[in-house]
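Chain letters run A, B, ... following the sequence lines, proteins first, then strands; residues in each count from 1. Remember, predicted model here, so these are calculated numbers, not experimental data.
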There are 2 protein chains.
Amino acid sequence: MSPKIFSPEEKDAREQEMLGCAKLIIRDEGLAGLTIDKLVKQLPYSKGTVYNHFSSKEDIMLAICTEHMQQIGEIMARALTFNGNSREKALAVHVGSMLNSQAYPDDFMIGVSVKSAGCTSKASEFRRLKHQQIEMAFLAPIFAHFRSAAEAGESIVPAGMCIEQMAFSCWSADFGVQTLLMGDNDACSIRSQLNVETELLNSINLIHDGMCWQPLAKDFDWKASVERIKTEIFSAEVEIISQLQTSLNTL
Amino acid sequence: MSPKIFSPEEKDAREQEMLGCAKLIIRDEGLAGLTIDKLVKQLPYSKGTVYNHFSSKEDIMLAICTEHMQQIGEIMARALTFNGNSREKALAVHVGSMLNSQAYPDDFMIGVSVKSAGCTSKASEFRRLKHQQIEMAFLAPIFAHFRSAAEAGESIVPAGMCIEQMAFSCWSADFGVQTLLMGDNDACSIRSQLNVETELLNSINLIHDGMCWQPLAKDFDWKASVERIKTEIFSAEVEIISQLQTSLNTL
DNA sequence: ACCTGAACACCGTTCAAGT
DNA sequence: ACCTGAACACCGTTCAAGT
């Protein structure tokens, strides 16, 4: 009869509904458990409609990854409000990213898969652009923080490096530690003895010391800073993690 | 008639044949292009026989990953023979791992996939054990190198850290830089401006400086060291990379 | 204009039937 | 004892038919 025309708001709400459902499936059955068939079965729409919103399964994954990054951006902004010296604020960014990964481990796994496998190439142009745009948005305040610390003489920009490269060093080390220590530890006897929080602090301390970021590791109680960051800024995330662990233990 | 019985050598040779074929497919069509159907079609055996050797597709992937790690072990041993100071030798390990990843990018991608996705859990017990054993074998000389440098007073073991944690910091930073910069750069405008070799040297220099590993970055020409390492130790790998790039350009 | 779901080509894995 | 390949359950994607 009357062919229905959907407003952009309705389309957006439905897209959100689909993504939320996909996330639930991933949370329950893992990333490999996400299937278009399963997704459609739990949704009041058909396959065709899902493909009307997303060009492929990878497109859905990239969309979830982008949402996750938006959340990370909010975490980073919060981290930089920490009441402490500039190096503590930089540390807070990593503590926040780690807590977020622990509170939402599936989102973190999706991020790794999207970055490592060539998922982006199979996603739609629109989704790729949005992803890139958000990545830049959340990096900007980080760069600004590194720059102001260097300009204040609290850290030294190494010869031949620029601010962006300094931030990238921290980011890639953070990514490396989390990726290597979040997976199945049982595959490697060395890694199974390591703790994410400890090694992240160790790695970031080494890099910050390499930048001569004051105060140096040996002159400050950084473990205490981590605790303060957790309680003063990320108590909500810590709460989610502890709930997640107790529910895992009773299982 | 006479039921054939295969010797362990024959079984091993066939396994190698299967793995070699799988690697070729991955080299030509990417990791996602690897399919049991395709593998069998290019092999003089049937599906059942392949499954007689490997418990699953993940088992094949882990086997390839383990072979690659064995190769990395050989690279690391070679790196440590570099004629230079102890920090240069430590740097050589990373240069070698990077060159190997560039010379055999598919092997590197498999490693990332195996580590990030829960591939190990789907692989067979036997394959998992072998993987773990080889990982430990190639880490041992690295640990020994870090320890002797610290004992010689060329580096300082930070308070609260042990030798293994220092080595892990370098390893995870290396892994982070390579993973983030080897994929599709186009997804991120910042990353696309960064060069793997430059950022790897920057990151490792920051961490080594953080360990006070002499001589410090500012007191030495580390770019020159990288060039020396490339020509004196890894000329074969450099040659493969340049061939790979010219064949990519003519394509 | 938009939704539907049958149909398609493909996937990893198994196992009864052969030799 | 070992190999074979048809069969199975499932996957992502498409598109002619509906409303």
Side-chain angles (χ1 to χ4, degrees), chain A residues 1-15 17-19 21-22 25-26 29-64 110 113-114 117-124 127, chain B residues 1-15 17-19 21-22 25-26 29-64 110 113-114 117-124 127:
Chain A
M1 278 285 131
S2 61
K4 221 181 167 199
I5 297 175
F6 293 105
S7 69
E9 286 77 22
E10 282 172 307
K11 278 197 72 170
D12 222 62
R14 203 156 50 172
E15 206 162 293
E17 192 185 352
M18 292 174 180
L19 287 177
C21 188
I25 295 176
I26 294 173
E29 313 184 38
L31 185 55
L34 177 63
T35 279
I36 306 291
D37 278 299
K38 271 188 228 163
L39 183 62
V40 168
K41 209 166 289 178
Q42 296 184 26
L43 235 35
Y45 315 108
S46 72
K47 279 190 180 189
T49 305
V50 170
Y51 272 89
N52 198 304
H53 284 265
F54 301 97
S55 68
S56 66
K57 192 188 171 185
E58 282 76 15
D59 211 38
I60 297 177
M61 282 171 59
L62 186 60
I64 295 178
I110 293 177
S113 294
V114 167
C119 277
T120 42
S121 53
K122 277 199 194 171
S124 66
R127 211 76 58 180
Chain B
M1 280 283 132
S2 63
K4 224 187 163 192
I5 297 174
F6 293 105
S7 69
E9 288 76 21
E10 282 172 307
K11 279 197 72 171
D12 222 63
R14 203 157 48 172
E15 206 162 292
E17 192 184 353
M18 291 175 181
L19 286 178
C21 188
I25 295 176
I26 294 173
E29 314 184 40
L31 185 55
L34 177 63
T35 277
I36 306 290
D37 278 300
K38 271 188 227 161
L39 184 62
V40 167
K41 209 166 288 177
Q42 296 184 26
L43 235 35
Y45 315 109
S46 72
K47 280 190 181 190
T49 305
V50 170
Y51 272 89
N52 199 304
H53 285 264
F54 301 96
S55 68
S56 66
K57 192 188 172 186
E58 282 76 15
D59 210 39
I60 297 177
M61 283 171 59
L62 186 60
I64 295 178
I110 293 177
S113 295
V114 167
C119 277
T120 42
S121 54
K122 276 199 194 172
S124 65
R127 211 77 56 180

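- Note that OH of A/Tyr45 is 6.0 Å distant from CE of A/Met18, once rounded to the nearest 0.5 Å.
- For the pair A/Lys11 NZ and C/dC2 P, the computed distance is 7 Å after rounding to whole Å.
- Interatomic distance, A/Leu43 CG to A/Arg14 CZ, rounded to the nearest 0.5 Å: 9.5 Å.
- Considering B/Lys38, B/Gln42, B/Lys41 as possible partners of B/Cys21, the one that fulfils the side chain to side chain contact (heavy atoms under 4.5 Å, CB included) test is B/Gln42.
- Distance check, rounded to the nearest 0.5 Å: NZ of B/Lys47 to CG of B/Leu39 gives 10.5 Å.
- Base engagement by A/Thr49 is indicated by at least one non-hydrogen atom pair under 4.0 Å involving a base atom.
- Using a 4.0 Å heavy-atom criterion, one finds that A/Leu34 contacts the sugar-phosphate atoms exclusively.
- Atom CD in B/Glu58 sits roughly 15 Å away from atom P in C/dC11 (whole-Å rounding).
- Base pairing annotation: C/dG18 forms a Watson-Crick or G-U wobble pair with D/dC2, both donor-acceptor distances under 3.5 Å.
- Spacing between atom NZ of A/Lys47 and atom P of C/dC2 amounts to 22 Å, rounded to whole angstrom units.
- The separation between A/Leu39 atom CG and D/dT13 atom C1' is 14 Å, rounded to whole Å.
- Pair assignment for D/dC11 gives none, since no Watson-Crick or G-U wobble pairing has each distance under 3.5 Å.
- One interatomic measurement links the two molecules: CG of B/Asp37 to C1' of D/dA6, which rounds to 12 Å at whole-angstrom precision.
- Between A/Thr35 and A/Ile25, every side-chain heavy-atom pair lies at or beyond the 4.5 Å cut-off.
- One interatomic measurement links the two molecules: OH of B/Tyr45 to C1' of D/dC3, which rounds to 12 Å at whole-angstrom precision.
- As rounded to whole Å, 20 Å separates atom P of D/dA7 from atom CD1 of B/Ile36.
- Dashed line: the shortest gap from a side-chain N or O of B/Ser46 to OP1 or OP2 of D/dC3 is not under 4.0 Å.
- Residue A/Lys57 has a polar side-chain atom (N or O) positioned under 4.0 Å from OP1 or OP2 of D/dG12.
- The phosphate of C/dC2 has neither OP1 nor OP2 within less than 4.0 Å of any side-chain N or O from A/Arg14.
- Regarding A/Tyr51, its OH atom lies at a distance of 17 Å from the P atom of C/dC8, rounded to whole Å.
- The residue among A/Lys38 and A/Ser55 whose nearest nucleotide of DNA chain D lies closer to the 5′ end is A/Lys38.
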